[in-house]
Amino acid sequence: MLLTELLRMRVVEVDGTEVGRVVDARFRIDAQGGARLVGLIVSPHTRAPFLGYERAALDEPLVLDRFLRWLHRGSFLVDWPDVRRLDDDGLHLREGYERRPSTLP
Amino acid sequence: MIPRPHPEPGRLVDAEFQVLDRQVLDRNGEPVVTVDDVEITDIPRGVELDPDADAPVIENLLSGSAVLGTRLFGGRPPESRWQRIRWSHVTEIGTAVELNTTADRLDASWTERWVRNHLIGRIPGGRHAPD
Amino acid sequence: MPSRRALPILAGPALAGLLCLAGCATGDPVDSSLKQAAAAQSSIVLAVDLLGEGKATLPATRTTVDDALRELASAEQSLGESPTGRRIDQIAALDDIRDATDAALAARRELDDPGTVSRHAAADLDDTASELRKAATS
Amino acid sequence: MKRLFAVALGILTAIGGFVDIGDLVTNAVVGSRFGLGLAWVTVLGVVGICLYANMSGRVAAVSGRATFEIIRERLGARAGMANLAASFLINLMTMTAEIGGVALVFQLVTGIDPLLWVPLAAFGVWIVVWRAKFSALENATGLLGLSLIVFAVAVFLLQPDWGHLGMQLIPRIPESESGSTYWYYAIALFGAAMTPYEVFFFSSGGIEEGWTVKDLGQTRANVLVGFPLGGILSIAIAACATLVLLPQAIDVTSLSQVVLPVVQAGGTIAFGFVVVGIAAATFGAALETTLSSGYTLAQYFGWSWGKFRRPARAARFHLIMLIGLVIAVLVLLTGVDPIAVTEFSVVFSAIALPLTYIPILIVANDRQYMGRHVNGKLVNALGLVFLVVIVAASVAAIPLMIITGAGQ
């Protein structure tokens with residue numbers, strides 16, 4: 001499966017409300033160097049990440065920076081086990097899924 | 001400095017932000033390709049996923065006109081034309097993706113080798129360093 | 001985020017830019033042609049003077065005259081093509097430009113052989129240049 | 001001592017390398033029509049290119065990544081591709097103008113038709129790109145380009161009324177021109193000073209020469225001293241046109257007219273200097289734009305690139321440059337006027353500037369790339385001011401081009 005097929009998929013809660021789109025997939029490196037999926041980053045606003053702003057280590061108070069952070073406010077991480085089903089029309093989350101912060105440590 | 005065998009265990013990697021559209025360098029630092037897409041384990045569609053099953057992994061880095069073309073202009077690239085670089089070749093994810101092998105040994109560099117052998121390599125002076 | 005619409009967005013302005021190449025020169029065609037011709041003829045006069053003063057080289061002077069002749073031809077052509085309300089001025093302007101072109105061609109021949117511009121040819125250049133300048137500013 | 005030589009060499013090549021056919025033609029055209037009423041735009045453009053080159057040079061030195069790699073990473077493949085298409089086409093246009101410029105200079109010296117010189121000039125560019133070492137080609141063309149200082153000397157030799165000339169610096173629109181042509185040529189002049197290829201070349205060159213953090217001081221000196229002096233040369237070109245061509249209403253339309261003031265000021269000796277200077281500047285710029293055509297495509301697609309590698313180890317990079325040169329020659333052989341191509345290339349450069357300026361401004365603030373070498377407060381403040389100026393110029397360019405019929 002292609003990562004780009006996962007990206008931009010609509011993300012829907014159990015009761016059908018859309019909470020945003022998949023903008024990234026977070027993996028963790030295991031002992032053998034394999035990259036295992038830990039969760040998906042969902043952004044309720046723009047369909048695609050714009051200049052990687054929501055997680056870039058930008059700290060200079062550039063006006064552009066503040067505008068782009070605003071554009072990306074509210075993106076969050078969903079653990080992979082919280083994903084219930086993948087359909088052609090979107091990605092369905094489980095009941096009571098967790099919303100974690102999306103910024104990279 | 002022997003290149004690390006693979007990225008540091010425990011480290012988190014955001015595929016779109018840190019892998020997709022990143023420059024891939026071979027063991028000698030020579031550019032090979034840019035990551036046009038990432039292949040992960042297939043996720044079944046329309047089926048209840050088992051939360052305890054093993055999560056998907058990154059299997060290959062993909063590149064080439066078929067993959068990039070469909071990404072830019074839509075459609076789905078025929079799997080036969082995916083140029084794959086196995087994820088096990090990746091040693092580091094930094095401002096570029098570094099590999100533990102040389103460009104010439106990857107099938108992803110066949111166009112470079114074709115142009116080298118049929119065109120540029122044939123022009124006098126093509127094979128030695130600028131003096 | 002620019003998605004598939006990105007490419008047409010760039011095509012729009014580029015197309016608009018190229019559209020104007022099809023000659024949408026504003027302003028009155030008679031005046032702009034006269035101005036163009038006057039500029040060309042004046043640069044020939046200057047080049048020939050510099051040659052006479054031993055400051056300019058022969059190849060450079062020939063090149064300047066060739067470039068100016070091209071401008072004179074383009075001025076004549078664009079004026080000839082464009083229908084203007086001011087018929088009489090258009091004909092007078094065309095005459096001035098043609099006189100200037102003849103003077104320039106004469107000087108150009110002399111630059112090939114004997115390689116210097118005679119006093120008579122230089123005088124023609126000056127007269128036609130001032131004629132054009134006068135017509136352009138009136 | 002060697003350090004001093006390196007610094008001096010860097011600055012001198014920056015001066016020689018700053019001026020290209022776009023600066024030569026646009027400054028002469030502007031001088032012959034607006035006098036020095038647009039000189040402030042050149043100053044603005046020089047400050048802009050100093051800022052822009054400083055940032056992209058620092059990004060290259062610290063992160064080791066060149067401009068177009070970053071543009072694709074941060075904008076993604078699709079917007080990156082739109083950016084690449086625009087930048088590549090405009091670079092090709094500039095490359096065509098530069099090669100045309102070289103041919104025109106040889107015509108000035110020999111009187112022989114420039115169309116015969118075009119294939120020769122392109123072959124000369126290819127041979128140097130194919131064989132010569134990167135620093136060798138930079139230093140030679142940069143140093144020879146210094147003979148353009150004859151424009152500044154000519155201004156003195158013409159014994160102008162300095163008071164009057166100074167007064168000319170005050171921005172105003174002559175009666176013979178309209179507001180729209182004034183602002184059209186302001187954008188053209190701005191595009192000539194801030195040509196994008198200079199940044200592709202500057203940042204990729206940083207990687208070619210293996211700049212590291214240690215070299216930041218050197219690159220800053222090159223930029224902050226070299227470019228302003230290059231800017232002064234541009235204003236001198238405009239001043240010469242103001243003193244000689246403007247009074248006789250000779251609107252510049254050819255390279256032969258650009259050199260007339262220098263010939264009037266210093267005769268055949270000055271002519272010798274000016275043709276050497278123009279030939280070096282345009283040939284150097286032809287090399288830089290040819291390399292930039294290779295850099296942009298290779299960095300977007302991830303191919304091996306760079307002159308420090310044997311051509312065989314950067315095959316597609318060299319193939320692109322070869323194809324680019326062939327296209328440039330074919331376009332010129334249609335008899336299109338290189339001066340007209342030049343005038344369009346500088347305006348389209350201004351239009352495309354935001355496409356490459358914005359990603360660089362953002363990455364220069366990204367700690368993952370830059371560590372502690374992120375932009376300082378002043379650089380960011382200036383960066384934002386220029387962001388507004390650059391976007392405004394880019395947006396206004398096409399409408400003005402239509403209204404003025406490309407500057408008629």
Side-chain angles (χ1 to χ4, degrees), chain B residues 14 16-26 28-37 61 63-65 67-74 83 85 93-98 102-104 106 108-131, chain D residues 59 62-66 68-82 84-85 126-137 207-208 210 298-323 363 366 368-371:
Chain B
D14 284 1
E16 200 284 333
F17 181 46
Q18 291 173 309
V19 178
L20 197 61
D21 294 321
R22 276 276 155 112
Q23 175 70 58
V24 176
L25 302 177
D26 78 354
N28 312 321
E30 188 173 294
V32 181
V33 286
T34 295
V35 179
D36 291 327
D37 215 322
L61 303 181
S63 66
S65 51
V67 175
L68 181 62
T70 47
R71 208 178 130 208
L72 290 179
F73 307 112
Q83 279 171 7
I85 298 176
I93 304 280
T95 54
V97 175
E98 290 161 27
T102 56
D104 289 352
L106 294 164
S109 65
W110 74 269
T111 37
E112 174 78 13
R113 280 178 278 120
W114 188 90
V115 171
R116 174 191 311 155
N117 301 331
H118 291 82
L119 296 172
I120 298 297
R122 296 232 169 114
I123 303 174
R127 294 223 178 240
H128 43 71
D131 47 10
Chain D
V59 166
V62 174
S63 75
R65 305 263 57 82
F68 243 89
E69 276 176 56
I70 290 165
I71 284 171
R72 172 165 177 182
E73 265 170 48
R74 299 321 287 267
L75 295 183
R78 193 172 288 132
M81 173 59 88
L84 173 70
W126 177 72
I127 278 286
V128 173
V129 162
W130 180 256
R131 293 294 301 143
K133 264 176 71 63
F134 184 85
S135 45
L137 68 90
I207 290 165
E208 293 260 21
Q299 286 162 18
Y300 177 89
F301 290 111
W303 302 337
S304 169
W305 58 270
K307 270 204 47 54
F308 60 95
R309 288 197 168 90
R310 294 200 309 273
R313 293 308 304 177
R316 288 174 288 187
F317 169 69
H318 277 276
L319 181 63
I320 289 299
M321 293 193 289
L322 207 53
I323 294 171
V363 167
D366 183 337
Q368 186 195 9
Y369 284 84
M370 304 301 289

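Just so you know, these numbers come straight off a predicted model, no measurement behind them. Basis for what follows: all heavy atoms, side chains included, without hydrogens, waters or symmetry-related copies.
Not counting sequence neighbours, the partners of Phe301(D) by the ring-ring contact (aromatic ring centres under 6.0 Å, His included) test are Trp303(D). Annotation: salt bridge (charged side-chain N to carboxylate O under 4.0 Å, His left out) contacts of Arg313(D) (sequence neighbours excluded): Glu30(B), Asp104(B).
For the atom pair OG1 (Thr95(B)) and CZ (Arg65(D)), the distance works out to 5.0 Å, reported to the nearest 0.5 Å. Expressed to the nearest 0.5 Å, how far CZ of Arg316(D) lies from OG1 of Thr111(B) amounts to 3.5 Å. Atom CD1 in Ile70(D) sits 11.5 Å away from atom CD in Gln23(B) (nearest 0.5 Å). The line from CG of Leu68(B) to CE of Met81(D) is 5.5 Å long, rounded to the nearest 0.5 Å.
Salt-bridge annotation for Asp21(B) and Arg78(D): absent, with no side-chain N of the basic residue lying under 4.0 Å from a carboxylate O of the acidic one.
Ranked by heavy-atom pairs under 4.5 Å with chain D, the first of Val24(B), Leu20(B), Asp36(B) is Asp36(B). Contacts with chain D were tallied for Val115(B), Val35(B), Leu119(B); Val115(B) has the most, counting heavy-atom pairs under 4.5 Å. Contacts with chain B were tallied for Glu69(D), Glu73(D), Gln299(D); Glu73(D) has the most, counting heavy-atom pairs under 4.5 Å.
Inter-residue side-chain proximity for Pro31(B) and Arg309(D) is flagged as met; some heavy-atom pair is nearer than 4.5 Å. For the pair Leu322(D)/Ile123(B), a side-chain contact is recorded, criterion being any heavy-atom separation below 4.5 Å from C-beta on.
Taking both residues in full, the closest heavy atoms of Ile120(B) and His318(D) are given as CD1-CB, 3.9 Å, listed atom of the first, atom of the second, then distance. Scanning both residues, Ser304(D) and Glu112(B), for their nearest heavy atoms gives CB-OE2, 4.4 Å.
Neither the backbone nor the side chain of Phe317(D) comes within less than 4.5 Å of any heavy atom in chain B. For a residue to count as touching a neighbouring chain, one of its non-hydrogen atoms must lie under 4.5 Å from one of that chain's; by this rule Asp26(B) does not touch chain D.
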